[in-house]
Number of protein chains: 2
Amino acid sequence: MRQKTSRSTIKEVALAAGVSTQTVSRVINERPDVSPETRKRVQEVIDQLAYRPSAVARSLIRQRSHTLGVVTAGLKYIGPSRILSGIASAVEEAGYSLLLKELSDFDTKEIEPIFEAFISRHVDGIIWAVPEVGDNRTWVKEASLDVEIPLVYLTMQAQENISVVSVDNYLGGKMAVSHLLEQGFKHIGHISGPLDWWEARQRMTAWKDVLNENGIKVKDEHSVEGDWSLSSGIEATKKLLNQYPDVDAIFVANDQMALSAIQYLRQNGRRVPEDIGIVGFDDIPESEFFFPPLTTIQQDQNTVAKLAVEDIIKTIESGWHKLEPKEPQTIIVPPTLVVRQSSLHLRGIHEKEVEIK
Amino acid sequence: MRQKTSRSTIKEVALAAGVSTQTVSRVINERPDVSPETRKRVQEVIDQLAYRPSAVARSLIRQRSHTLGVVTAGLKYIGPSRILSGIASAVEEAGYSLLLKELSDFDTKEIEPIFEAFISRHVDGIIWAVPEVGDNRTWVKEASLDVEIPLVYLTMQAQENISVVSVDNYLGGKMAVSHLLEQGFKHIGHISGPLDWWEARQRMTAWKDVLNENGIKVKDEHSVEGDWSLSSGIEATKKLLNQYPDVDAIFVANDQMALSAIQYLRQNGRRVPEDIGIVGFDDIPESEFFFPPLTTIQQDQNTVAKLAVEDIIKTIESGWHKLEPKEPQTIIVPPTLVVRQSSLHLRGIHEKEVEIK
DNA sequence: CTGAAAGCGCTAACAC
DNA sequence: GTGTTAGCGCTTTCAG
């Protein structure tokens with residue numbers, strides 16, 4: 001028969017089992033110093049009353065909530081939700097709960113109240129999984145100064161006194177552009193993300209650096225700024241073709257823009273990869289099934305999430321107190337180049353000849 | 001100067017302000033019965049010490065946590081994350097916090113521990129935002145029987161004694177197929193989602209019903225089951241063309257499969273929409289920029305999320321107790337047909353002639 | 001208007 | 001082994 005009245009307390013269990021609350025506490029915490037018979041009797045009562053210890057009361061007395069605060073932004077995009085998914089399962093696995101806050105705007109100033117809510121709920125640690133846009137990093141750093149709680153940042157520029165876990169965007173950019181060069185492309189343009197995003201700047205800098213290292217002059221009109229969206233991919237491509245007519249390959253800062261770029265190019269009589277090679281960034285599910293399939297840089301966001309959770313929990317469980325300065329960790333995860341058809345120039349040339357015949 | 005020691009308590013504030021903790025409590029709760037001078041003095045101390053009342057202690061004494069438990073699954077897909085995003089902002093707006101659990105598997109049996117964790121943390125209500133797959137609904141219903149907490153289900157079959165907020169999948173399916181008929185298509189096939197999903201069955205049933213109502217015989221080989229993924233869209237299309245050679249239009253149960261279907265058709269020399277019309281379901285961002293742009297059914301998941309949150313908070317704040325049987329709410333949100341090029345047969349015929357000339 | 005006392009559900013520290 | 005006492009940080013009586 002089910003217990004349908006309100007949640008039962010340790011007192012009620014104690015009463016029903018004829019022991020003190022302390023003994024019940026010992027049983028539910030699996031302490032050794034309880035006689036087998038007592039334990040059994042208490043356990044039976046617990047099962048019968050469907051008693052569940054109150055995590056709230058425990059948090060109060062233990063000054064530990066076994067809860068992590070997680071801040072995200074842009075959940076409607078695929079990247080942030082994949083990260084959150086990774087965080088959620090890692091947190092779960094570690095036996096913690098997850099208190100979620102979503103920032104409605106990337107560079108919002110509602111950072112204070114978020115920290116306050118977390119503190120007031122006694123979270124044991126905070127994971128800041130908001131992309132670095134504009135100077136939101138500065139605000140967070142500011143706001144986090146009087147937070148005496150372990151804090152890890154995701155996808156943010158590594159810096160002193162701050163623990164960061166991130167994919168190596170710069171390396172990814174280098175891999176993409178080097179690959180295009182190896183394929184024999186000579187005039188490699190770039191469609192960047194919004195340049196107030198740190199990730200976008202990293203990818204763009206990598207593009208410039210690789211070209212420079214290979215003795216290729218980079219001019220301003222060789223790149224166009226997009227905003228990550230499909231529609232901006234079309235606009236940017238149009239503009240780039242215009243201001244850089246010689247372009248024979250484009251490193252596009254994310255897959256969505258790359259996909260719409262390909263679409264636009266094909267509709268305008270440019271073949272991919274024969275006329276123009278394309279490399280994207282992210283490896284979204286669509287990329288593999290596009291025509292032509294998109295060469296791209298794969299970010300292992302699951303690993304990033306796991307590492308961040310592991311790191312913060314290690315800090316928590318080591319009993320770190322803000323008083324001692326902590327040694328911040330910087331973990332950079334390398335991305336992977338996934339080669340598909342959209343960038344295969346060498347082979348593309350042959351296909352071209354065959355088709356033309 | 002910043003306060004760098006550990007969190008301050010109401011006691012410390014009281015001491016520093018020379019009043020009792022009770023008075024401090026009155027100030028932070030904005031009770032009227034405090035003299036202006038006292039209030040001011042206390043407020044100053046609060047600001048100076050950066051005092052934040054402990055939500056944990058409050059939850060304990062008030063037996064209300066101002067926290068909602070939310071369960072999702074499949075966060076790596078775009079649909080669930082959009083819903084979660086809507087939930088998160090609605091919850092925030094209502095002044096609640098959000099405790100998140102992700103089910104690793106749609107038909108997992110780890111439901112019990114999730115409820116237990118929520119109960120133990122004294123959540124005021126639970127939002128079950130996991131798609132109905134297989135008989136997971138039954139398990140949840142089972143597990144929720146002894147949960148004396150307001151509970152709302154998202155995207156689930158409406159039923160007795162359960163509050164449900166959902167998009168009208170059946171209506172969406174009808175809109176899609178009716179639209180294709182109006183466009184003059186005669187042989188409308190269907191690529192469904194996995195049929196252990198309730199949503200997939202709803203959409204499929206609608207397809208059948210509309211055809212039947214219009215005197216069209218539906219045979220088994222007129223539909224193929226996919227699994228929502230891009231790759232399954234290709235497989236399913238191949239199979240459908242094979243077993244239903246006359247097919248001149250396809251209602252595809254989600255946009256991802258629709259996109260890869262279009263891709264496959266075009267690569268195999270079938271023009272969309274001239275030879276085959278396509279309608280999808282979901283309206284993902286890509287659909288608008290595809291070639292041809294995809295006609296689809298738009299689900300307003302944000303509205304669904306908002307309604308669910310509003311409903312549960314209303315129940316909570318009405319002081320509902322499980323003892324009284326509650327009158328469950330069923331809210332069905334209608335979807336919208338978004339017409340783009342992929343389904344325009346009437347116009348398509350003219351274009352065809354023009355092109356051929 | 002303000003304070004003292006009691007207690008939310010649990011556990012730590014000590015007694016027995 | 002088990003019970004008693006005290007108290008986590010706050011709010012709710014109820015006096016004054």
Side-chain angles (χ1 to χ4, degrees), chain A residues 5-43 45-46 49-67 116-124 319, chain B residues 5-43 45-46 49-67 116-124 148:
Chain A
T5 51
S6 70
R7 189 200 328 286
S8 40
T9 70
I10 197 171
K11 235 188 211 164
E12 292 163 20
V13 175
L15 193 70
V19 296
S20 74
T21 61
Q22 187 44 231
T23 302
V24 179
S25 173
R26 284 184 182 112
V27 171
I28 59 186
N29 288 292
E30 292 170 326
R31 295 279 165 68
D33 49 354
V34 183
S35 77
E37 309 99 68
T38 312
R39 183 184 301 279
K40 182 158 170 288
R41 187 151 37 93
V42 171
Q43 191 57 55
V45 176
I46 288 176
L49 295 181
Y51 165 70
R52 301 289 163 246
S54 158
V56 173
R58 275 183 171 165
S59 303
L60 190 58
I61 196 159
R62 291 197 177 145
Q63 302 293 54
R64 279 279 312 279
S65 63
H66 270 265
T67 300
E116 292 192 358
F118 280 160
I119 292 178
S120 136
R121 289 197 148 70
H122 295 226
V123 300
D124 296 335
Chain B
T5 50
S6 70
R7 190 199 329 286
S8 40
T9 71
I10 198 172
K11 233 187 211 164
E12 292 163 22
V13 175
L15 193 70
V19 296
S20 74
T21 60
Q22 185 41 230
T23 303
V24 178
S25 174
R26 285 185 182 109
V27 171
I28 57 185
N29 288 292
E30 292 168 329
R31 294 279 165 69
D33 50 353
V34 184
S35 77
E37 309 97 69
T38 313
R39 184 185 301 279
K40 181 158 170 290
R41 187 153 35 95
V42 171
Q43 190 58 56
V45 176
I46 287 176
L49 295 181
Y51 166 70
R52 301 288 163 246
S54 158
V56 173
R58 276 184 170 165
S59 302
L60 189 58
I61 196 158
R62 291 195 178 147
Q63 301 292 55
R64 279 279 312 280
S65 63
H66 269 265
T67 300
E116 292 193 357
F118 280 160
I119 292 178
S120 137
R121 288 196 150 71
H122 293 228
V123 299
D124 297 334
E148 296 140 33

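The sequence lines fix the lettering, A, B, ..., with proteins before strands; numbering per chain opens at 1. What you see is a predicted model, and the numbers here were worked out from it, not measured in a lab.
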Below 3.5 Å between N/O atoms, which protein atoms pair up with nucleotides 14-16 of chain C? Just atom names and distances, please.
none

d(CZ, A:Arg64; C1', C:dA12) in whole Å: 16 Å
With B:Lys11 via side-chain contact (heavy atoms from CB on, under 4.5 Å) - residues at least two apart: B:Thr9, B:Thr21
B:Tyr51 OH to B:Ile10 CD1 distance, which is reported to the nearest 0.5 Å: 4.0 Å
Between C:dT2 (C1') and B:Leu15 (CG): distance, integer Å: 17 Å
Estimated bend of the helix from C:dC1-D:dG16 to C:dC16-D:dG1 (axis per five terminal pairs, rounded to 10 degrees): 40°
Set of residues satisfying salt bridge (charged side-chain N to carboxylate O under 4.0 Å, His left out) with respect to A:Arg58, sequence neighbours excluded: none
Position toward the 5' end of DNA chain C (nearest nucleotide), A:Ile10 or B:Arg41: B:Arg41
Spacing between A:Asn29 atom CG and C:dC10 atom C1', to the nearest angstrom: 9 Å
Positions of residues 16-25 of chain B (non-hydrogen atom under 4.0 Å from DNA chain C), listed by number: B:Val19, B:Ser20, B:Gln22, B:Thr23
For A:Arg31, salt bridge (charged side-chain N to carboxylate O under 4.0 Å, His left out) partners two or more places apart: none
Rounded distance [0.5 Å steps], CG in B:Leu60 versus OG in B:Ser54: 9.0 Å
C:dC8 phosphate, OP1 or OP2, under 4.0 Å from A:Lys11 side-chain N/O: yes
For B:Thr38, all residues meeting side-chain contact (heavy atoms from CB on, under 4.5 Å), sequence neighbours excluded: B:Val19, B:Thr23, B:Val34, B:Ser35, B:Arg41, B:Val42
DNA chain D: 5'-most and 3'-most nucleotides touching chain A, 4.0 angstrom heavy-atom criterion: D:dG1 to D:dG9
Residues in side-chain contact (heavy atoms from CB on, under 4.5 Å) contact with B:Ser59, at least two apart in sequence or another chain: A:Val56, B:Ser65
Touch class at under 4.0 angstrom, heavy-atom based, for B:Arg31 against every strand present: sugar-phosphate
Atom-pair distance (CG on B:Asp33; C1' on C:dG3), nearest Å: 12 Å
Minimum heavy-atom distance between B:Arg121 and A:Ala55, given as atom pair plus value: CG-CB, 3.8 Å
side-chain contact (heavy atoms from CB on, under 4.5 Å) partners of B:Glu116, counting only residues at least two apart: A:Arg52, B:Glu112
Within residues 52-61 of chain A, residues whose heavy atoms come under 4.0 Å of DNA chain D: A:Leu60, A:Ile61
Residues which pass ring-ring contact (aromatic ring centres under 6.0 Å, His included) with B:His66, listed by chain and number, not counting sequence neighbours: B:Tyr96
Sugar-phosphate, base or nothing in reach of B:Arg39, heavy atoms under 4.0 Å: nothing
